[in-house]
Structure formats: structure tokens, C-alpha cells
Participant: 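Sharing a structure below in C-alpha cells format, with a few things to ask.
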Amino acid sequence: QVQLVESGGGSVQAGGSLRLSCAASGVSYRRNCMGWFRQVPGKEREGVAGIYIGGRNTYYADSVKGRFTISQDNAANTVYLQMNSLKPEDTAMYYCAASTGACVMRSGSWLGFQYWGRGTQVTVSS
């Protein structure tokens with residue numbers, strides 16, 4: 001079982017920045033990839049960013065490319081999401097997710113994630 005705990009959410013004005021963290025524990029299973037997702041009430045959850053554990057390639061939704069950066073600290077079992085130039089439409093609950101198997105990470109298609117955190121709220125005001 002993999003446990004994921006997100007932190008770093010909050011309220012900022014448009015144009016501001018936030019850094020989300022996702023700490024993984026209970027890593028008896030090898031994590032293959034990690035992702036960040038977000039959801040607004042009444043809408044489907046959408047993939048935002050993803051990364052392979054120990055890899056360099058990163059993947060982003062078109063809506064956040066150039067503004068968000070996903071990174072990892074494997075020694076700390078932590079994945080980060082640096083969010084810059086935030087917009088009101090970025091307001092959502094942000095979730096961290098992990099896959100111990102195959103995963104798909106590309107804008108519009110994010111599959112294979114089995115473990116989820118409880119989320120951290122990000123609110124961007126205009």
C-alpha cells in the first residue's frame with residue numbers, strides 16, 4: 001500500500017506562485033510514476049503533470065505548460081509541483097497520485113494511477 005500526503009495549497013492572487021508537495025510512504029511496492037491531478041466540483045478530474053520515478057521526462061497538460069513544473073526528490077520520496085503565473089482557472093483541489101505499474105501521461109490521457117492522496121486546495125483570486 002502506498003500512502004500519499006499533499007501539502008502546500010492555499011490562496012493566492014492571479015500571477016502568484018505556489019509549490020505543492022506530495023510525500024509518499026508505505027512504499028513496499030515500487031512506484032513507477034507519479035502525477036498531479038486537479039478537480040473542480042461538478043467537473044471531471046484532469047491530469048496536470050506527471051513524471052517517471054528516477055526519470056527526467058516530464059509531462060504536462062496543455063493548460064499548464066510553461067507555468068507548472070513537476071520535480072522529484074527520490075531520497076525524500078517526495079514529488080513537487082511548482083505553479084507559477086497562476087490563473088483563476090487553476091483554482092481546484094489538487095491530488096497527488098502514484099502508479100506501481102504501467103502508466104500513460106500525456107495531455108488529455110492520464111491512466112494507470114492506483115493510489116491517491118486526499119488533496120490540497122488551491123484558490124486563485126483575480
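Reckoned from all heavy atoms, side chains included, excluding hydrogens, waters and symmetry mates. Since we're looking at a predicted model, the values are computed, not measured.
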Participant: Tell me, with the steps shown, if Arg106 and Val104 meet side-chain contact (heavy atoms from CB on, under 4.5 Å).
Facilitator: CA-CA 6 Å; Arg106 59 175 178 262; Val104 174; 3.5 Å; yes

Participant: To the nearest 0.5 Å, what is the distance between CZ on Arg118 and CD on Gln3?
Facilitator: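 Rounded to the nearest 0.5 Å, the CZ-CD separation comes to 11.0 Å.
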
Participant: Please tell me whether Ser99 and Asn32 have a donor and an acceptor in their side chains that are separated by less than 3.5 angstrom.
Facilitator: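 There is no such pair (donor and acceptor under 3.5 Å, judged by atom type) between the side chains of Ser99 and Asn32.
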
Participant: Could you tell me whether the side chain of Gln121 reaches within less than 4.5 Å of the side chain of Thr123, counting heavy atoms only?
Facilitator: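 When only atoms from C-beta onward are counted, Gln121 and Thr123 do touch, with a gap below 4.5 Å.
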
Participant: Which heavy atom of Arg67 sits nearest to which heavy atom of Ser85, and what is that distance?
Facilitator: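 Looking at all heavy atoms of both residues, the closest pair is NH1-O, 3.0 Å.
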
Participant: Do Ile51 and Tyr59 have side chains that approach each other closer than 4.5 Å (heavy atoms only, starting at C-beta)?
Facilitator: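 They are not in contact (no side-chain heavy atoms under 4.5 Å apart), so the answer is no.
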
Participant: Nearest 0.5 Å, what's the OG-CD distance between Ser126 and Glu89?
Facilitator: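 If we round to the nearest 0.5 Å, Ser126:OG and Glu89:CD are 10.0 Å apart.
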
Participant: Would you give the length of the straight line joining atom SG of Cys103 to atom CE of Met34, rounded to the nearest 0.5 angstrom?
Facilitator: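 Cys103 atom SG to Met34 atom CE measures 11.0 Å (nearest 0.5 Å).
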
Participant: Rounded to the nearest 0.5 Å, what separates atom OH in Tyr52 from atom CG in Asn57?
Facilitator: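 Those atoms lie 8.5 Å apart.
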
Participant: Locate the shortest heavy-atom distance separating Ala97 from Phe37; write the atom from each residue and the value.
Facilitator: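 Here Ala97 and Phe37 meet closest at CB-CE1, 3.8 Å.
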
Participant: Does a side-chain heavy-atom distance below 4.5 Å link Arg19 with Leu81?
Facilitator: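 Of all side-chain heavy-atom pairs linking Leu81 with Arg19, none is under 4.5 Å.
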
Participant: For Gly101 versus Cys33, what's the shortest heavy-atom pair and its separation?
Facilitator: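 Looking at all heavy atoms of both residues, the shortest contact is O-SG, 4.5 Å.
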
Participant: With no hydrogens and no angle check, is any side-chain donor or acceptor of Asn74 less than 3.5 Å from a backbone partner on Asn77?
Facilitator: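 Not a single qualifying donor-acceptor pair exists.
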
Participant: Given side chains that start at C-beta, do those of Thr100 and Gln114 come closer than 4.5 Å, heavy atoms only?
Facilitator: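 A side-chain contact under 4.5 Å exists here.
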
Participant: Evaluate side-chain contact (heavy atoms from CB on, under 4.5 Å) for Val79 paired with Ile70, printing each intermediate quantity in order.
Facilitator: CA-CA 7 Å; Val79 173; Ile70 187 171; 3.7 Å; yes

Participant: With hydrophobic residues grouped by side-chain heavy-atom distances under 4.5 Å, do Tyr80 and Tyr115 end up in a single group?
Facilitator: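 No: no chain of side-chain contacts under 4.5 Å links Tyr80 to Tyr115.
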
Participant: Evaluate the criterion side-chain contact (heavy atoms from CB on, under 4.5 Å) for residue pair Val48 and Phe68; output intermediate values, then yes/no.
Facilitator: CA-CA 9 Å; Val48 174; Phe68 290 12; 3.5 Å; yes

Participant: Tell me, do Leu4 and Tyr95 make a side-chain contact under 4.5 Å, heavy atoms counted?
Facilitator: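 They are not in side-chain contact.
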
Participant: Any chance the side chains of Thr78 and Gln72 put a donor and an acceptor closer than 3.5 Å?
Facilitator: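 Short answer, no.
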
Participant: Walk me through it: do Asn84 and Thr69 pass the test side-chain contact (heavy atoms from CB on, under 4.5 Å)?
Facilitator: CA-CA 8 Å; Asn84 298 328; Thr69 302; 5.6 Å; no

Participant: Side chain of Glu6, backbone of Cys96: donor and acceptor closer than 3.5 Å?
Facilitator: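 At least one qualifying donor-acceptor pair exists.
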
Participant: What's the shortest heavy-atom distance between Met105 and Gly50, and which atoms?
Facilitator: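 In this case the closest contact between Met105 and Gly50 is SD-CA, 3.5 Å.
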
Participant: Looking at every heavy atom in both Gly9 and Thr120, which two are closest together, and how far apart are they?
Facilitator: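 Nearest pair, atom of Gly9 first, then Thr120: N-OG1, 3.1 Å.
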
Participant: Can you confirm if the NZ or CZ of Arg45 lies within 45° of the ring axis of Trp110 and under 6.0 Å from the centre of its six-membered ring?
Facilitator: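 No, cation not above the ring by the 6.0 Å, 45° rule.
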
Participant: Do Ser17 and Gln82 have side chains that get closer than 4.5 Å, going by heavy atoms?
Facilitator: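 Yes - at least one pair of side-chain heavy atoms lies under 4.5 Å apart.
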
Participant: Quick one: does Gln39's side chain get under 4.5 Å of Tyr94's, heavy atoms only?
Facilitator: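 No, every pair of side-chain atoms sits at 4.5 Å or beyond.
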
Participant: If you look at every heavy atom in Ser107 and Ala61, which pair is closest and at what distance?
Facilitator: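 Closest heavy-atom pair between Ser107 and Ala61: OG-CA, 3.7 Å.
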
Participant: Can Tyr60 be reached from Trp36 by stepping across I, L, V, M, F, W or Y side chains whose heavy atoms are under 4.5 Å apart?
Facilitator: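 Same hydrophobic cluster.
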
Participant: Nearest 0.5 Å please: distance from the CG atom of Leu18 over to the OG atom of Ser11.
Facilitator: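 Output value for this atom pair is 8.5 Å.
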
Participant: Does the side chain of Met83 come within less than 4.5 Å of Val12's, by heavy atoms?
Facilitator: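 Val12 vs Met83: side chains apart.
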
Participant: Lys87 and Asp90: salt bridge (charged side-chain N to carboxylate O under 4.0 Å, His left out), yes or no, with the steps?
Facilitator: CA-CA 5 Å; Lys87 304 175 181 179; Asp90 294 318; over 6 Å; no

